[in-house]
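Every chain is numbered from 1 and lettered A, B, ... according to where its sequence line falls, protein lines coming before strand lines.
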Number of protein chains: 2
Amino acid sequence: MNNDTIIAMATPAGSGAIAVIRLSGPEAIAQVSQTFRSVSGKSLDAQRTHTVHLGHILDEGRTLDEVLVTVFKNPNSYTGEDVIEISCHGSPYIQQELIQLYLRRGCRMATPGEFTLRAFLNGKLDLSQAEAVADLIASENEASHQIAMQQMRGGFSSEIAKLRQELLNFASLIELELDFSEEDVEFADRTEFTALVDKITTVLKRLIDSFAVGNVIKNGIPIAIVGEPNVGKSTLLNALLNEDRAIVSEIAGTTRDTIEDEISIGGIGFRFIDTAGIRETEDVVESIGIKKTFQKIEESQVVIYLFDGSSSLEQVDAIKLEIEKIKNKYPQKPLIILANKIDQLSVDEQSRLSDKISDCFLISAKTGEGVSELTDSLLDLINTGALRNNETIVTNSRHYDALLKAFEEMQKVKHGLETGLSGDLLAVDIRQALYHFGEITGEITTDDLLGNIFANFCIGK
Amino acid sequence: MNNDTIIAMATPAGSGAIAVIRLSGPEAIAQVSQTFRSVSGKSLDAQRTHTVHLGHILDEGRTLDEVLVTVFKNPNSYTGEDVIEISCHGSPYIQQELIQLYLRRGCRMATPGEFTLRAFLNGKLDLSQAEAVADLIASENEASHQIAMQQMRGGFSSEIAKLRQELLNFASLIELELDFSEEDVEFADRTEFTALVDKITTVLKRLIDSFAVGNVIKNGIPIAIVGEPNVGKSTLLNALLNEDRAIVSEIAGTTRDTIEDEISIGGIGFRFIDTAGIRETEDVVESIGIKKTFQKIEESQVVIYLFDGSSSLEQVDAIKLEIEKIKNKYPQKPLIILANKIDQLSVDEQSRLSDKISDCFLISAKTGEGVSELTDSLLDLINTGALRNNETIVTNSRHYDALLKAFEEMQKVKHGLETGLSGDLLAVDIRQALYHFGEITGEITTDDLLGNIFANFCIGK
């Protein structure tokens, strides 16, 4: 199938110290070898796999760049084919010149995800592992990174493959019975089989349920922060950021001046959505603002109500009314009430505030007081038990669909066993369940499915 | 000096298939080795230079990524120190986690250009070669790329070093004379020395003169295009782009909808500056426009006057007046007059137009007719002879300054020789010229100078 040699940039676009160009296919080594003058004087063809060589790439006598060329020989490469990586100077001009050179010489520009597609087709990884590569590159926090890494290393596939193998063994026995149908034998012990079906159903149920957490981890949790200007929204976000000792922030020296942003708390992504307060008003413009606030609350999974703890008693009464309004309108939605700026309050004032608004956290975003209690309660909202216990978590909606369908078929099998369905009809349902398992790991694929999956990859992966 | 180990991203920021992190210093191999579990089971310490190893980076039991690690052992590396390159998945999160890991373990974030600075300090390249690395990364067209590549490969340095060595030999002889000053001997043959001084002066003059071309090649040539809307400015630029079979355009499928852009013609960068026409008017707003047009003409090195060749005879008369106005105002500035849309004219109409405006190119940006004649005349404006003949061209203003100063000192030496200046005074001027030569290649440096040069590098180079 892959008798052509593909090429693409493997590193992000733009200027940098270096850039990496990757070639894969039967002609990869020969193509680069013919344009490469190594400092050592040796030809690339003669080099061993996993070795690096300094030299110059020449285009009809013109030196394009001084480069490092790494040789990977099949099957010991990412794609399982012969692979060359050219590490050149990070000039967009040079990158384009090099790619043009090999396109002219007969290589083909890789399509998105084509290197990983080849790795899949050559059996270097299964389909769910290939999908995890894209998830890993897109991962933005510890939790999504951990799940993608686990999946890429085959944790998920091996769980599915084990179930599939056990089910396959029984399917074979039942199908064997069909060959001896005249003799009315039972090779497959129905009691054992019922136990297996129950076990598989339980595992499927757990995996299906994990998708709720997996989805949150992959896409982040939307949180609406309801609060007037100057109650300390930005300061609160920066405090949460520091609590997590945010990595990006430390290196790049980021400070947030907008609160419409995603930040990582305890390894989970939270997407904060800024909203105005919902104070009662006759003003038309303001009441449009209130509508917008309610709309944003509806889109979020959690609501934080933030107010200035140093407000006057009358103001606190108004705040209490606002809180009641949110509670009445969204009784099911988790609501966290925060009284900020308590560093400006005496101990007496603080306890009076707590009495007035009973379920309210007292914090000071400025001094950091109470912030760790807030992060704890945010994390309590998500069932991170599975994550901590290193259990398999489903994050991919394609896998979720396949698991749901497999679950349905297993229910049919179970029902068939209970009602004494004949072996040939039972076998049909089992085969159907096996089909859905195979969809996840890629034993069963169609061109359309592969096209959809790899189209979401970047070129060069 | 370099007893610490530095780390930085070597590839551009952002998401990509892979990213490369580079470490350099005495602890580079040990640091990575202690956090790396190779698939082969072998420790990195035991590996040979220029080999690549697949494995996982672990942070206290947590797998951060599956990576390829390349080992370069001193002195066979870019910096001349032990160097590790980690090729990880191109997720910004993973990149930051990996860098954080090694920062915690005692590595230090590299400053801009620090890898190349170490390469310079360890004698892997001289200062002008180090500067060429930055030029190479910034190069955007064939000419600037060619000059940077030539300089990086030592073409410029070796020319300077040769002159310096010859001058140094004479300086030593003259200084030797001083030791025997009682005896009135002349070790340095004054006739030979005069010839050498003449030769050096000639070379210096050529290098100094080349800066005019070098600067144009490095920074591009600003061209003002004067023309009303709809005369075909964008179409012309796209036609020029195709003429050069622009590389970026082919791959990314770029088409230009603005003409304020740099395009490469025959390997030289041209920066096109859009201006309006300068039609006589009573309108205040328009006359502000005319002032702006003149201002842009003043900033440019070449002016293209573009008009619609299918205009009526009265319109052509007005156009002729505009052209005269530009010619009178800027008699020294090269002016190219283009009649566009000649595909809409009969042969008779074309020759009538040529008669009316004598020095005018007839082109059709749409069909491409006449465009290659235009590019030829644009390229004729630059003295590309030196470029074609592969002569050394100075592009760096620091080098230009040093060359000017060296030239001045050589003039003094020459004058001293003519007027029979005593050896000790002659030696002072020669030493001063040698000093300026040394500034270019980096035999003479100060911390300030190095700081200035490498501050302009990107981090990771």
Side-chain angles (χ1 to χ4, degrees), chain A residues 8-20 22 49-54 56 62-66 68 70 72 76 85 87 89-94 96-97 99-100 103 109 115-116 133 136-142 144-146 149-150 152-153 247-248 250-251 457-461, chain B residues 8-20 22 49-54 56 62-66 68 70 72 76 85 87 89-94 96-97 99-100 103 109 115 133 136-142 144-146 149-150 152-153 247-248 250-251 264 457-461:
Chain A
M9 293 297 313
T11 44
S15 251
I18 64 164
V20 178
R22 190 187 264 169
T49 188
H50 288 63
T51 55
V52 185
H53 309 279
L54 177 66
H56 295 90
R62 177 182 164 218
T63 304
L64 289 184
D65 200 8
E66 185 179 273
L68 284 169
T70 309
F72 300 92
N76 299 312
E85 286 187 359
S87 174
H89 284 91
S91 138
Y93 173 78
I94 290 176
Q96 300 293 1
E97 285 286 297
I99 287 180
Q100 282 285 331
L103 292 181
M109 204 72 191
F115 291 93
T116 308
V133 172
L136 192 65
I137 290 175
S139 68
E140 286 182 345
N141 55 51
E142 188 177 337
S144 56
H145 168 259
Q146 183 185 328
M149 181 63 76
Q150 188 195 47
M152 199 185 76
R153 298 184 69 186
I247 282 120
V248 179
E250 262 181 42
I251 287 181
F457 275 62
C458 53
I459 288 180
K461 191 68 223 178
Chain B
M9 294 296 313
T11 45
S15 251
I18 63 165
V20 178
R22 191 187 264 168
T49 187
H50 288 63
T51 55
V52 185
H53 309 279
L54 177 67
H56 295 89
R62 176 180 166 220
T63 304
L64 288 185
D65 200 8
E66 186 179 271
L68 284 169
T70 308
F72 300 92
N76 298 311
E85 286 187 359
S87 172
H89 284 92
S91 139
Y93 173 77
I94 290 176
Q96 299 292 2
E97 286 285 297
I99 287 180
Q100 283 285 330
L103 291 181
M109 203 71 189
F115 292 92
V133 171
L136 193 64
I137 291 174
S139 69
E140 286 182 347
N141 55 51
E142 190 180 336
S144 55
H145 167 259
Q146 184 186 327
M149 182 61 75
Q150 189 197 45
M152 199 185 75
R153 298 184 69 187
I247 281 120
V248 179
E250 263 181 42
I251 289 181
S264 161
F457 275 60
C458 53
I459 288 179
K461 189 70 223 178

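Chosen from Glu85(B), Gln150(B), Met152(B), the residue pairing most often with chain A at heavy-atom distances under 4.5 Å is Met152(B). Of the listed residues His53(A), Arg153(A), Glu66(A), the one with more heavy-atom pairs under 4.5 angstrom with chain B than any other is Arg153(A). Between chain B and the residues Gly14(A), Gly90(A), Ser139(A), the largest count of heavy-atom pairs under 4.5 Å involves Ser139(A). Of the listed residues (Ile459(A), Leu136(A), Thr51(A)), the one with the most heavy-atom contacts under 4.5 Å to chain B is Leu136(A). For the set Pro12(A), Gly16(A), Ala19(A), the count of heavy-atom pairs under 4.5 angstrom toward chain B peaks at Pro12(A). Of the listed residues Ile18(A), Asn76(A), Val20(A), Leu54(A), the one with more heavy-atom pairs under 4.5 angstrom with chain B than any other is Ile18(A).
Here His50(A) contributes atom NE2 and His50(B) contributes atom NE2; the two are 16.0 Å apart, rounded to the nearest 0.5 Å. Atom-to-atom distance recorded for Ser91(A):OG and Glu140(B):CD is 8.0 Å, nearest 0.5 angstrom. The line from OG1 of Thr63(B) to CD of Gln146(A) is 9.5 Å long, rounded to the nearest 0.5 Å.
When heavy atoms are compared at a cutoff of 4.5 Å, Glu142(A) approaches chain B by way of both its backbone and its side chain. Looking at Asp65(A), both its backbone and its side chain come within 4.5 Å of chain B, counting heavy atoms on both sides. The part of Thr70(B) that comes within reach of chain A is its side chain, from C-beta onward, which places non-hydrogen atoms under 4.5 angstrom from that chain. Residue Ala13(A) touches chain B through its backbone alone, counting heavy-atom pairs closer than 4.5 Å. Contacts between Phe72(B) and chain A at a heavy-atom distance below 4.5 Å involve the side chain alone, from C-beta outward.
A side-chain hydrogen bond (donor to acceptor under 3.5 Å, both in side chains) with His145(A) holds for exactly one of His89(B), Glu97(B), Arg62(B); it is Arg62(B).
Minimum interatomic distance between Cys458(B) and Ala17(A) (heavy atoms only, all atoms of both residues): SG-N, 3.7 Å.
Counting heavy atoms from C-beta on, the side chains of Ile137(B) and Ser15(A) come closer than 4.5 Å.
Shown here are the side-chain hydrogen bond (donor to acceptor under 3.5 Å, both in side chains) partners of Thr49(A), two or more places apart in sequence or in another chain: there are none.
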